[in-house]
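Working notes, beginning with the structure itself.
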Amino acid sequence: KWSFGRFLVQESHRQDSANLLIFIMLLTLTILTIWLFKHRRFRFLHETGLAMIYGLLVGVILRFGIHVPQNMSDVILSCAVNASPATLLVNVSGRFYEYTLKGEVSRGKGLQVQDDEMLRKVTFDPEVFFNILLPPIIFHAGYSLKRRHFFRNIGSILAYAFMGTVISCFVIGLIMYGFVSFMKVVGQLGGDFFFTDCLLFGAIISATDPVTVLAIFNELKVDVDLYALLFGESVLNDAVAIILSSSIAAYQPAGDNSHSFEAMAMLKSFGIFLGVFSGSFALGVATGVMTFTKLRDFPLLETALFFLMSWSTFLLAEACGFTGVVAVLFCGITQAHYTFNNLSPDSQDRTKQLFELLNFLAENFIFSYMGLTLFSFQSHVFNPMFIIGAFVAVFLGRAANIYPLSFLLNLGRKNKIGYNFQHVMMFAGLRGAMTFALSIRDTATYARQMMFSTTLLIVFFTVWICGGGTTPMLTFMTMLDGSQRRNTKHESAWPFRIWYNFDHNYLKPLLTHSGPPLTATLPTCCGPLARCLTSPQAYEVWTQHNVIQ
């Protein structure tokens, strides 16, 4: 009896190892193919699209090509229960064993239990994405941000990220509600699908992730303003989409009809949105500013501490009821601006390389997993009418975001956002890791399963078609680096100039060793306080800077 139990444990361990090996081999194959593509200067397919293709191939093999033999003879024991418990305690010869419910086995499917179990094992818990894979991706986005160009365009970026995402969410939600209503009339809907579900789908699918486009932008050296607009909008857009989706999920009117419209419930959801975003932003900035390292003589320990503090920001925000993505994003921006200057030269190089590596591996892992999930996920609901409606809604939602807001922003901008810029931003609205992670987080109902299956198809289409067509489009529009004018400092908006002077004269001297010491920027009457707050390293750096000049 005990040897059979050990055999089952060993078999489970071997299967888990084999499943992880599959993903490692996928990443290895992707890296080797990327090298070949770069060597041949092939830009029509980015590594993320390639990872998805490999994932699809492995998913087909696992679903249709491999069958796991039964480990024991078919023994069916009947146990009548009125409801399905989450766990089941079984008394066998005085020993209690706990079993976890993973799902119902339908009639005629008993011989496929082992195959289904294998597919379940390659389907990761959605929390793995949020707690392990997403933090390094989001942190790297903030840590590698080109802050000067980002803050010069901060007003436009915030408009696209906040107003644009909300507009896109409601446009997509309303269009999908029209399609869902029509599907109910013609009898093409197999379950409940409420207006709140349509809005939730709009929030999830509005999370853009132009990883492919931005990589191509880097290679082709496009205009810095276009890069800043698209990069900043996509990064903040992910954070807004997460909080917007959680606010919609928190919408709960009073009474029995939980899907009716009620003004107070809507205002409460809006308050949750503002509260969660503000709290996450404040927590991220606070932890980023407080991440001081005094281990300059031990670069390895300094890098390890920096890494752990960065990751703990995400977990702290989630534990406090905020959104870790927003917190870790602004933690990355803050640490790149302040803490980076306090690190030793070795730690500066190590942290950049470490987060770049983690970002690369996590991104390609997620895209490989997307391809595999198309066949390994066992509750897909593909509805042709809903899929067509989703593609139409996504296109119209992106257009309602970019073109009207660009027109309004151009009324107050010196450097106008040209039509070519707007067309590229419209075309570059890819859906990727964040959309996938949000949609797979809850697939318990018929509506959520249909939303997840449709989201997968939209991600595939945008990554392959829009991502692959970016290079020809940019070349056709001649939007490379030399074709557009550059911003200079005096062309920046006045809020940015005020912030730059305040930051350079007071915040950087207070929080870092770079820049002029506080004794040189604060009034003479504040001399004792300035000397108390200025570190010896700041005097040393400032003296070396003056000697070089």
Side-chain angles (χ1 to χ4, degrees), residues 59 63 81-86 101-109 112 116 119-120 123-127 169-207 241 244-262 265-266 269 370 373-394 397 431 435-461:
R63 187 62 182 264
V81 291
N82 296 326
S84 299
L101 177 68
K102 291 189 174 180
E104 179 184 359
V105 180
S106 60
R107 294 183 181 274
K109 201 177 177 182
Q112 299 180 17
D116 293 345
L119 293 176
R120 285 194 192 97
T123 304
F124 283 84
D125 186 338
E127 296 305 316
C169 169
F170 278 90
V171 169
I172 293 174
L174 290 171
I175 293 174
M176 293 312 302
Y177 187 65
F179 272 89
V180 168
S181 300
F182 179 74
M183 291 164 60
K184 287 181 181 177
V185 173
V186 298
Q188 293 294 317
L189 203 62
D192 292 331
F193 211 112
F194 302 100
F195 180 63
T196 50
D197 294 322
C198 296
L199 278 183
L200 181 63
F201 179 71
I204 290 173
I205 210 67
S206 294
L244 191 60
S245 61
S246 62
S247 300
I248 294 172
Y251 175 83
Q252 188 64 43
D256 297 332
N257 191 356
S258 60
H259 297 278
S260 63
F261 175 79
E262 186 176 297
M266 187 184 71
S269 296
M370 285 184 200
T373 307
L374 186 63
F375 292 96
S376 65
F377 186 71
Q378 297 172 295
S379 301
H380 279 303
V381 178
F382 292 105
N383 189 304
M385 192 172 296
F386 187 85
I387 293 171
I388 293 173
F391 274 92
V392 173
V394 166
R431 272 63 179 177
T435 301
F436 174 78
L438 285 174
S439 61
I440 200 176
R441 202 171 193 180
D442 183 2
T443 56
T445 65
Y446 170 82
R448 302 297 171 85
Q449 292 167 2
M450 185 187 296
M451 287 158 53
F452 173 65
S453 303
T454 306
T455 297
L456 269 182
L457 298 182
I458 292 174
V459 170
F460 292 158
F461 178 85

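The model shown is predicted, which means the values in this text are computed figures rather than measured ones. For the single chain, residues carry numbers from 1 onward in sequence order.
More than 12 heavy-atom neighbours from other residues, nucleotides or ligands sit within 6.0 angstrom of OH on Tyr446.
What you find for Ala393 and Met176 is that their closest heavy atoms are CB-SD, 3.8 Å. Taking all atoms of both residues into account, the shortest heavy-atom contact from Phe182 to Met385 is CD2-SD, 3.5 Å. The two residues Ala203 and Ala241 have their closest heavy-atom pair at O-CB, 3.5 Å. Leu199 and Ile248 get closest at one heavy-atom pair: O-CD1, 3.5 Å. In terms of heavy-atom proximity, Ala447 sits nearest to Asp197 at CB-OD2, 3.9 Å. In plain terms, the two heavy atoms of Ala207 and Thr435 that are nearest each other are O-OG1, 2.7 Å.
The aromatic ring centres of Phe201 and Phe193 sit 6.0 Å or more apart.
Proximity of Gln188 to Phe386: side-chain heavy atoms (C-beta onward) are nowhere separated by under 4.5 Å. Residues Val171 and Ile175 form a side-chain contact, since some pair of their non-hydrogen atoms from C-beta on lies under 4.5 Å apart. Counting heavy atoms from C-beta on, the side chains of Val180 and Leu189 come closer than 4.5 Å.
Applying the side chain to side chain donor-acceptor pair (under 3.5 Å) test to residues at least two apart or on different chains, none of the pairs has a partner in residues 176-186.
Between Thr373 atom OG1 and Ile440 atom CD1 the span is 5.0 Å, to the nearest 0.5 Å. In this structure, CD1 in Ile172 is found 12.0 Å from CG in Leu200, a value given to the nearest 0.5 Å.
Not counting sequence neighbours, the partners of Phe391 by the ring-ring contact (aromatic ring centres under 6.0 Å, His included) test are Phe461.
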If you look only at distance, which donor and acceptor atoms sit under 3.5 Å apart when one is on a side chain in residues 448-456 and the other is two or more places apart or in another chain?
{"from": "Arg448", "atom 1": "NH1", "to": "Asp442", "atom 2": "OD2", "distance (Å)": "2.5"}
{"from": "Gln449", "atom 1": "NE2", "to": "Thr443", "atom 2": "O", "distance (Å)": "3.2"}
{"from": "Ser453", "atom 1": "OG", "to": "His380", "atom 2": "ND1", "distance (Å)": "2.8"}
{"from": "Ser453", "atom 1": "OG", "to": "Val381", "atom 2": "N", "distance (Å)": "3.0"}
{"from": "Ser453", "atom 1": "OG", "to": "Gln449", "atom 2": "O", "distance (Å)": "3.0"}
{"from": "Thr454", "atom 1": "OG1", "to": "Met450", "atom 2": "O", "distance (Å)": "2.8"}
{"from": "Thr455", "atom 1": "OG1", "to": "Met451", "atom 2": "O", "distance (Å)": "2.7"}

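Proximity of a side-chain donor or acceptor of Ser376 to a complementary backbone N or O of Gly59 within less than 3.5 Å is not detected.
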